[in-house]
Amino acid sequence: MLKTQAYNTGNDTVCFDEMLRPDFSARECYRTLFEWLQRQSPGGIRAKQAEADAIFRRLGITFAVYGAAEANERLIPFDLIPRVISAAEWRFLERGIEQRVRALNAFLHDIYHRQEIVRAGRIPSELVNGNSAFLPQMMGFDPPRGVYSHIIGTDIVRTEEDGFFVLEDNLRTPSGVSYMLENRETMMHLFPELFAAHRVAPVERYPELLRQTLQSVAPSGCDGEPAVAVLTPGIYNSAYFEHAFLADQMGVELVQGSDLVVEDGALWMRTIRGRARVDVLYRRIDDAFIDPLNFRPDSMLGVPGLFDLYRAGRVTLVNAPGTGIADDKAVYAYVPDIVEFYTGEKPILKNVQTFRCSIAEERGHVLEHLEELVVKEVHGSGGYGMLIGPRSTRQQRADFAERIRANPGNYIAQPTLALSTCPAFAGSGIGPRHVDLRPFVLVGDRVRVVPGGLTRVALKKGSLVVNSSQGGGTKDTWVLED
Amino acid sequence: MLGRTASSLFWMARYMERAENLARLAQVGHRVSIIPDGMGGYREDWKATLASAGCLPEFEARGAKLDAATAQNFLLFDRAHASSIRNCLENARNNGRAVRTALTREMWEALNSTWIEFAAIDPAEVGPGRMVELLDWVRQRSGQFRGAMLGSLLRDEGFHFCQLGTFIERADNTARILDVKYNVLLPVNEALGGERNQHQWDTILRSVSAVGAYRYFYRDRLRPRLVAEFLMLRPEMPRSLRFCCDFIAPSLGALAEMTGGGASSLALGSTLAAELRSTDLDAILRHGLREFLQDFLGRNAAISGALATDYHFD
């Protein structure tokens, strides 16, 4: 069904397509998939797509969209054409990600201790100590194994054959790993023959690796097998499905704040047999909500006294409170320096060029070039509160300029990247759509990167926004073995 | 197991069982409403249907006119009625969703797809023609859920909390149906016989899907004392009070053994089961049928309360 001519003219801007070269030949790792796509009929693909949608709906893999009261449980669109990454490409990414997460953890340890990087003048003190994501309460505390961020989702975009850039480091509570796992199960179910023809590196060990990672950072005083629990805000949270899924796959309890109590110098969950000890809490709620006695007093989601217990080394919180500073968008611009400072190596993965509106010269450049840039709020996420220059109206740009002038420290800007495209099924046929990639990294007794990740795809033709809250979908990501 | 998990499993099973019982009552109500009463009208008795479902006071508090359309809407679709089939299915599903990890995939799929499909129904499009079909479907889905549970759920504490939810709800339902119609089951009515009473006895049996079972078991025409005995005391009848208690007591016993707790719920449950095993219909009638049923409803509710206290649900 795939018409190569029609496929390529589907690209409205000139950008790197991961399947086809400009001369319509397939890149090596896509050869098998390309040939297979040419043999498929539109009706056949449509039928498989309907089958996939039915599977997801039945499993209840939905996410909640804030502010959409009626359809508060929506299905994330799943595109059934896999994205393929070669073994060599993956080795490169893996090395780069590992270097980056080690450096970021070293950075967190440093800023919560002697702040050598600030003393060395490599990063402004204000950016660390005046940052709302910086938690002074963490000063001088040593988390088990010195790890602050154990579970990281590194957002990577591609612009050319060798052009991989890190767009964001998500060090707080990155989500999406359940989609990586369920997308894979669905693909193996729908297309066993295509899957078998590819030698795809497995991802299904993730839950086991996650459990090992969590147990490896149990408090030092913990004897016996450390008890792990996943803390969720509850069924109305947008990622509730994932919280339940991970707890289930790891074989540990899924708890809410009301199930937990701090007593006798330990954390307990209320069970039908009375109380049971918790050593490691994988919490999927934000710092501000974990403990009403230490942070937001109105929080109903957390556990009173939890943070004091953590500081006393009686329970491990994953990720550590205060890690948000390392994925702050203003700090992001300094990550290449951070990597060099702590590892003594050149960064393997590049950053996207970033203009900091807090700095007068850079702000001037941003205000003059709004039409070409993407402007983001420093603390924003989910694709909200951003301006995409080339797609914006004059009025929107004027509004943003005003906001930037009023609160420059709150904004950064980046060039609009020509994100790479992959083939996606677009109702009437197969066309190129922009994608990004979020591999998942685990840091405990060692660093573990699962070969794969979540590919997010902007299903709307020409769109660059891949966030699920903005109409993006997901794909299975196939990392090939040699 | 978390206390909250136990609570959710218990209520998930109760709501699913309640949805099934409501569907059966609504079907009987519908059937009766199209049978002529021989006096130019129909036998229609929505008041009894709502009373059997335990929701007559709530309906009357609204001051709405009671007819087939309002009763059926109230029983099936009303979002403001806590025990409408719609809300039961949603509550069952949300309780299941909150403890997704304690369910098997088969159970979750049964819960989830039932809710999704029911929520997609437009009440305005369900005319009398589709009503029976829809209610059949609800009963089938409840059966599918229960089948998934029996066929796939590990026999640990979670299973027993589900069993308790199912049988405490079912016992409550059967006792309520009998309580609403207790007068037509009194022996004096046997002598009176009559077409009208035959119909009432038939309706009671239908409300628990037991017409065929009754004929097969007794090989006799409908007699009030046999109907009463069948629904209260026969261990062979899967919706009788005795049958329910024969499942409630062992599950309470198993939980007590597994957890080393649960003394008060176990004491209540085993006493009630032992009494049902040792009593007979004559003793009940001497004591008073109405009194017996009221006493049973109270004690069944007390087991539910003791369970929540014993296992830290509350």
Side-chain angles (χ1 to χ4, degrees), chain A residues 53-64 70-75 178 182 185 189 207 227-261 268-278 282, chain B residues 1-10 12 90-91 93-117 119-120 144 148 154 156-161 164 251-252 254-262 265 307-314:
Chain A
D53 291 347
I55 291 174
F56 283 115
R57 198 168 287 284
R58 218 174 56 233
L59 295 178
I61 305 183
T62 57
F63 75 109
E70 253 314 293
N72 66 0
E73 277 175 41
R74 247 179 50 196
L75 213 56
S178 55
E182 288 290 0
E185 288 300 317
H189 173 78
V228 173
V230 177
L231 174 63
T232 175
I235 64 169
Y236 298 106
N237 182 268
S238 62
Y240 176 76
F241 167 77
E242 176 156 305
H243 307 160
F245 178 86
L246 289 175
D248 187 32
Q249 296 279 310
M250 288 193 285
V252 304
E253 286 291 354
L254 177 68
V255 299
Q256 300 181 6
S258 57
D259 298 320
L260 296 174
V261 61
W268 309 89
M269 46 191 175
R270 298 179 225 264
T271 78
I272 58 171
R273 291 179 172 78
R275 61 186 200 179
R277 183 90 187 242
V278 178
Y282 177 21
Chain B
M1 172 176 286
L2 298 174
R4 180 175 53 82
T5 305
S7 168
S8 288
L9 291 171
F10 176 76
M12 170 188 74
E90 183 175 18
N91 286 334
R93 188 262 188 175
N94 279 350
N95 272 294
R97 188 161 190 252
V99 292
R100 177 64 188 83
T101 53
L103 305 184
T104 61
R105 187 165 266 209
E106 290 89 333
M107 289 169 77
W108 168 247
E109 287 184 3
L111 272 179
N112 193 41
S113 60
T114 303
W115 164 241
I116 289 170
E117 288 172 40
Q144 184 197 355
L154 196 66
D156 66 357
E157 300 97 325
F159 172 77
H160 293 292
F161 285 110
L164 287 166
S251 274
L252 290 170
L255 280 177
E257 194 168 310
M258 287 174 183
T259 62
S265 52
L307 192 67
T309 314
D310 281 350
Y311 297 102
H312 316 280
F313 293 7
D314 33 8

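So that the names make sense, note that chain A is the first sequence line, chain B the second, and so on, each numbered from 1. The figures that follow rest on heavy atoms only: side chains count, while hydrogens, waters and symmetry mates do not.
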message: Is Gln256(A) close to chain B through its backbone or its side chain, or both, or neither, when contacts mean heavy atoms under 4.5 Å?
response: both
- prompt: Is it true that a side-chain atom of Arg270(A) and a backbone atom of His312(B) form a donor plus acceptor pair closer than 3.5 Å?
  reply: no
- prompt: Val252(A) versus chain B, heavy atoms under 4.5 Å apart: side chain, backbone, both or neither?
  reply: neither
task: Using modelled atom types only, decide if a donor and an acceptor are shared between the side chain of Tyr311(B) and the backbone of Thr271(A) within a distance under 3.5 Å.
output: no
message: If I compare all heavy atoms of Ile272(A) with all of Ala6(B), which pair ends up nearest, and what's the gap?
response: CG2-CB, 3.5 Å
- request: Return the minimal non-hydrogen interatomic distance between Ala244(A) and Arg100(B), and the atom names on each side.
  value: CB-CB, 4.0 Å
- line: When every non-hydrogen atom of Val99(B) is compared with those of Tyr240(A), the smallest separation belongs to N-OH, 4.0 Å
task: Look up atom CD in Glu253(A) and atom CG in Leu2(B), then write down how far apart they are to the nearest 0.5 Å.
output: 4.0 Å
query: Closest heavy-atom contact between Thr101(B) and Ala247(A)?
result: CG2-CB, 4.0 Å
field: Heavy-atom pair with the smallest gap, counting every atom of Arg273(A) and Met258(B)
entry: NH2-O, 3.1 Å
- request: Output the distance between atom OG1 (Thr5(B)) and atom CG (Asp259(A)), rounded to the nearest 0.5 Å.
  value: 6.5 Å
message: Show, in sequence, the C-alpha distance, side-chain angles and deciding distance for Glu185(A) and Arg105(B), and conclude whether the salt bridge (Lys or Arg N to Asp or Glu O under 4.0 Å) test is met.
response: CA-CA 14 Å; Glu185(A) 288 300 317; Arg105(B) 187 165 266 209; over 6 Å; no
query: Non-hydrogen atoms of chain A under 4.5 Å away: do they reach the side chain of Phe313(B), the backbone, both or neither?
result: neither
